[in-house]
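Structure first, commentary second.
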Amino acid sequence: MSTVNAAPAEKKDAGLLATLANNSKQYGIVGALVVIVLVFEILTKGVLLKPNSFVSLIQQNAYVIILAIGMVMVIIATHIDLSVGSIVAFVGGVCAILMERQGVNWMLAILISLIVGLIIGCWQGFWVAYVGIPGFITTLAGMLIFRGLATVIVGESVPITSPQFRGIARNYLPQLLGWWGPFDGLTIVVGIACIALFAWSQLRRRGKVSKAGLTPEPMALTVTKIVIATLLIGFVTYLLALSGNADQGGIPIMLVILGVLVFIYNFILTRTVFGRHVYAVGGNRKAAILSGINTRRVDFTLFVHMGLLSAIAAVCVLSRLSSATAQAGMEFEMDAIAACFIGGTAVTGGVGTIPGAVVGALVMGVINQGLSIMGVDTAVVKTIKGLVLLGAVAVDILSKRKKS
């Protein structure tokens, strides 16, 4: 009797362990982020995870997440984009000049800036996809071109006076439900909704796998993920609900922008034909061509998306800094590329996810914020970030060698 009952239990344990082993890289990245947060929370003596410090972490590092969303798709397709920082400076300069020197309404200026980003994406995509110049060379040229153009049109600086535009990076959503004691009511409701949505999506995915006749992941793992997600979302909700000041607080506008972009581009990459083509091209370009995929169109579209996301990042950075300068966006491309590799994107292409890139960007953001609070010199910060990037890529390469 005991041996008969032990067999299913052993099988379940084996299935759970196998599932954890197969997804160890994804879980490891999230675990590393949690460890880094805890370490800096201790080193900063509790300052890092104060409500307003947490909101500042989001607002100051939003550009990394936005650029990493596009960069991960580019890298999956075996390309690279070195021009995003210069594009941020150039588009930010265009937006500032339109508002402050031409008297253009701030919303119209944003729209024109996004169109400029799309045009730049088309320009670079044309050289990569239809002329055949490697993305590395094309975007290296773009880095020089757009940095030079930013210097020409901006000069020293162009201050922003529009309070509405500056509010994009500083303000919060309206407090539609008011304060619930010290907490913002809307934030609590949204947090509970996010927990419910995550639990529903996990159970729904499990049901779909079962209906397809496949073996779903162990229920213990599904429940564990839901519990951990509930704790993390609940803690973030707690911090956001306490953030702000006497006039406003709760969910920052910048977080809404990030959430919308992550949702849209994760859907594009995982649920559309274009997304499947991106992975196919990155996995084996020759095989993708033989299967009828228009690889030129895929490459062109990737750089168009990258141009648009660079323009969105430019608007967010300009709103936060309240001034356009030719030096804006320096080394942004390095942060975005590092975020992708830290988040599990393969150096050789074909592998990567939007959530992984976001986690990688958060790792970079926490390191930046934590070391800044500690007053560490910027040269040391760069050194530490370089070591983290090197370690992440080394782990990826070594794990592939072990599997092979």
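All residue numbers refer to positions in the sequence shown, counting from 1.
- With sequence neighbours excluded, the residues that form a ring-ring contact (aromatic ring centres under 6.0 Å, His included) with Y130 are F300.
- Contact between V351 and T345 at its shortest, heavy atoms only, is O-CG2, 3.3 Å.
- Taking L242 as the reference, P51, P182, F183, Y238 meet the side-chain contact (heavy atoms from CB on, under 4.5 Å) condition, with sequence neighbours excluded.
- Remark: W179 pairs with no residue by the ring-ring contact (aromatic ring centres under 6.0 Å, His included) rule, at least two apart or across chains.
- Within the structure, side chain to side chain donor-acceptor pair (under 3.5 Å) contacts touching residues 375-390 (residues at least two apart or in different chains) are E331-K382, D335-K385, N368-K385.
- Taking the salt bridge (Lys or Arg N to Asp or Glu O under 4.0 Å) definition, one finds that R147 meets it with nothing, sequence neighbours left out.
- A donor-acceptor pair under 3.5 Å links the side-chain atoms of T301 to the main chain of R297, judged by distance alone.
- A donor-acceptor pair under 3.5 Å links the side-chain atoms of Q248 to the main chain of Y172, judged by distance alone.
- When ring centroids are compared, H79 and F303 come within the 6.0 Å threshold.
- In this view, L149 and F90, I145, F146 satisfy the side-chain contact (heavy atoms from CB on, under 4.5 Å) rule, not counting sequence neighbours.
- Screening residues 104-126 for ring pair (Phe, Tyr, Trp, His ring centres under 6.0 Å) gives W123-W127 as the qualifying pairs, with residues at least two apart or on separate chains.
- Of the possible polar contacts, none joining the T138 side chain to the G135 backbone as a donor-acceptor pair under 3.5 Å is found.
- No donor-acceptor contact under 3.5 angstrom links the side chains of Q124 and T139, judged on distance only.
- Residue pairs meeting the side chain to side chain donor-acceptor pair (under 3.5 Å) criterion with at least one member in residues 313-327, sequence neighbours excluded: R170-S322.
- Residue pairs meeting the ring pair (Phe, Tyr, Trp, His ring centres under 6.0 Å) criterion with at least one member in residues 312-334, sequence neighbours excluded, are Y63-F332.
- Applying the ring pair (Phe, Tyr, Trp, His ring centres under 6.0 Å) rule to pairs touching residues 242-273 yields Y265-H305, sequence neighbours excluded.
- For T237 (side chain) and I188 (main-chain N/O), no donor-acceptor pair under 3.5 Å exists by modelled atom type.
- Scanning for side-chain contact (heavy atoms from CB on, under 4.5 Å) contacts around T78 gives R285, with sequence neighbours left out.
- Applying the ring pair (Phe, Tyr, Trp, His ring centres under 6.0 Å) definition to pairs two or more places apart or across chains, none involves residues 186-213.
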